[in-house]
Amino acid sequence: MISVEPSLDLAMIGNCSSAALIDKAGRIVWWCLPRFDGDPVFHSLLGTRGEEGDGAFAIELPDTVHCEQQYVENTAVVRTRLFDEAGNAIEITDFAPRFERAGRMFRPTGIVRRVRPISGHPRIRVRCRPRMAHGERVPDITFGSNHIRYVGNGTTVRMTTNASVTYVRNETPFFLDGPMSFHLGPDESLTDHPEKLCREFEEGTVRYWKLWTRRLGLPLEYQEAVIRAAITLKLCTYEETGAIIAAATTSIPEAAGTERNWDYRYCWLRDAFFVVRALNSLSEMETMENYLRYLNNIALVTDGEHVQPLYGIGLEARLEEKFVDLPGYRGMGPVRVGNQAYEHFQHDVYGNIVLGASQAFFDKRLLHQPGIDDFERLEKVGEQAYQMHDQPDAGMWELRTRARVHTSSSLMCWAACDRLAKIAGNFGLDQREAFWRERADRIHAVICEKGWNQKIGAFVESFGGSDLDAGLLLMAEVGFLPADDPRFGKTVDKIGETLRKGNHLFRYHAPDDFGAPENAFNICTFWYIDALARMGRKDEAREIYETMLSCRNHVGLLSEDTTPSTGELWGNFPQTYSMVGIINGAVRLSADWGVAV
């Protein structure tokens, strides 16, 4: 079998209920149950305490010498082809079922693997080794004529297949003389022959994604990249509640040998706003509608009090961080479950809530139009934004041991008040509009006075400070300053001089709790691209953008961080922030459709 070292050359499948990651050799190396933040029954991406192959699901072609992998065009269905030295070859198709059935969306917590011979007379070996309790528990196994049950730690995974159950249980190589299917999911019997049912599931899933993609309002250029980014963002939504996860993984370090590794399988209100904004730009409104349900629940629960920067996808407030006994990605632990940032005060969250909801008050396409009561709930969030705009916090980069009045946090507090004024005006509420406009103007004046460093000639990361922060690039995007304002231009130039390395941008340069950052942060590079394009420097922006596209993995996905010198991907994967940047950059830089038609 060809050796595939742990890397982020992974494809993602999912159905807005759960997600799995598949390496280039067709091995499922990450799958959490019963939802994104659950127990990773396939966890070999983060190593194993047992034998090689534990915590993974592999369909192997012995003596493989070559692998190919790609998505079925405009879908979330992955095809992997394996070729051996004798000219035999197989094709593995992986997906999570998602399509309309009986008047509603069918998206079970399950995955399907289909394998067929495409050349010669291949022999395959199936190694399915789920582990429970973060790798600590080897499941008990029971089986029947066409299924195997893996039972342990309160979880049961059932594989139903038309392959020989004996061969699969014993990991015995056998000839693949026709198509075979493997359905993994809850402990429930299938209603039909597994091959027939899985084929129908594949056809329905392919059809769903192709129709979903067809509805997108795409830019003229970079369409392949935009489509893949949009599908990936959709896969990171938890449809049941409307939550949007930051990434599908935990504990992939930001750089080699660093302790900067976190659990991103939760809903950061900041990240979710950017996801909604990007998909809105492609006329994909369903995600915003679902996310508004999630936001409304948070507004009701917090009722004008402190809002956490993140919550669980089921609105869980306590996300206590702990370590689990796995070696970590490439042996680089620790492996974390939970995220201590839920305890933080990050005041930009108030702006992100209002910004995430604001378009809904103006967009007549929505099935459920927000009303005055929704606006009044948002006003409570805005009140917190005003009260906190000049108070110290952990900032958008979640510094764990240092609090300052971060300019980017104050910026988002301004955005909350500014958008509330606009929403009030849309409702014809003149007094409320004037009230929120006055508050926005006050915050604006404070930022211009205290966030500007005259000696440096730029806005800086904190009031009275002297460091630069990539979050300041958002000033034009959220409308705080026009892109042609000299202060914005000078800030962009200073950020480029200080934080840019090649065609990549770092978040900041000053050491933090873990020392100086070692890798560039992808979304910051995309913010820089956006700022340059707004300022009219489109050729420069396009060059950087195309560098970022070249850093995507073999199926078009990006993680959180990139090593500028090599283009190697690091950090949790796939990172919604980064996929958002792909969409935003294409929309900003693409030629108009009129050029072509």
Side-chain angles (χ1 to χ4, degrees), residues 268-274 276-277 295 298-299 302-311 341 344-359 361 375-399 402-425 432-453 459-465 467 469-482 485 487-488 491 507-508 527:
W268 270 258
L269 305 184
R270 177 190 310 113
D271 302 46
F273 153 64
F274 283 102
V276 167
R277 190 182 182 97
L295 279 186
I298 288 174
T302 56
D303 195 28
E305 299 298 324
H306 165 67
V307 178
Q308 297 174 191
L310 72 155
Y311 291 84
H344 289 185
F345 287 79
Q346 296 175 23
H347 298 151
D348 67 309
V349 68
Y350 303 108
N352 292 315
I353 290 174
V354 178
L355 285 167
S358 60
Q359 181 172 329
F361 289 88
F375 169 63
E376 290 174 347
R377 276 195 293 271
L378 279 187
E379 285 193 297
K380 293 182 179 181
V381 176
E383 183 63 36
Q384 279 291 97
Y386 182 73
Q387 296 300 327
M388 297 298 164
H389 77 272
D390 59 355
Q391 298 300 305
D393 72 346
M396 68 189 307
W397 306 125
E398 303 185 336
L399 302 176
R402 185 178 74 204
R404 296 175 179 172
V405 181
H406 289 91
T407 307
S408 57
S409 295
S410 190
L411 170 68
M412 289 300 178
C413 291
W414 168 84
C417 297
D418 174 77
R419 298 316 193 267
L420 286 169
K422 292 178 178 178
I423 296 168
R432 301 310 296 165
E433 180 183 11
F435 174 82
W436 288 112
R437 178 55 54 208
E438 180 185 18
R439 289 196 156 189
D441 290 346
R442 287 181 188 173
I443 300 174
H444 197 286
V446 169
I447 294 173
C448 290
E449 176 190 354
K450 298 184 177 181
W452 177 264
N453 185 307
F459 285 99
V460 288
E461 61 92 28
S462 60
F463 287 4
D467 293 325
D469 172 8
L472 300 168
L473 295 168
L474 295 172
M475 284 184 161
E477 180 170 336
V478 301
F480 181 84
L481 290 176
D485 188 298
R487 294 170 294 178
F488 181 68
T491 301
R507 288 172 287 183
Y508 44 82
W527 289 344

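Throughout, residue positions are numbered sequentially from 1 according to the sequence presented.
Ring geometry for Trp452 versus Phe459: interplanar angle over 60°, hence perpendicular rather than tilted (30 to 60°).
Inter-residue side-chain proximity for Val446 and Phe463 is flagged as met; some heavy-atom pair is nearer than 4.5 Å.
Taking all atoms of both residues into account, the shortest heavy-atom contact from Ile443 to Cys417 is CD1-SG, 3.9 Å. Nearest approach of Ala416 to Gly351, heavy atoms of both residues: CB-CA, 3.7 Å. Taking all atoms of both residues into account, the shortest heavy-atom contact from Ala424 to Phe375 is CB-CZ, 3.7 Å.
Residues passing the ring-ring contact (aromatic ring centres under 6.0 Å, His included) test with Tyr386 are His389, sequence neighbours excluded. Partners of Lys380 by salt bridge (Lys or Arg N to Asp or Glu O under 4.0 Å), not counting sequence neighbours, listed by chain and number: Asp303. When the ring-ring contact (aromatic ring centres under 6.0 Å, His included) test is applied to Phe480, the partners found at least two apart in sequence or on another chain are Trp414, His444.
A cation-pi arrangement is not found for Arg277 relative to Phe274, the charged atom failing to lie both closer than 6.0 Å to the ring centre and inside a 45° cone about the ring normal.
Under the 3.5 Å distance criterion, the side-chain polar atoms of Ser410 are left unmatched by any main-chain donor or acceptor of Ile447. Of the possible polar contacts, one joining the Asn453 side chain to the Gly465 backbone as a donor-acceptor pair under 3.5 Å is found. Between the Gln308 side chain and the Leu310 main chain, a donor and an acceptor come within less than 3.5 Å of each other.
With values rounded to the nearest 0.5 angstrom, Gln346 atom CD is found 13.5 Å from Met388 atom CE. Of the inter-residue distances, the one linking Asp469 atom CG with Trp397 atom CH2 reads 6.5 Å to the nearest 0.5 angstrom.
For the residue pair Asp393/His406, the side-chain donor-acceptor check at 3.5 Å is satisfied.
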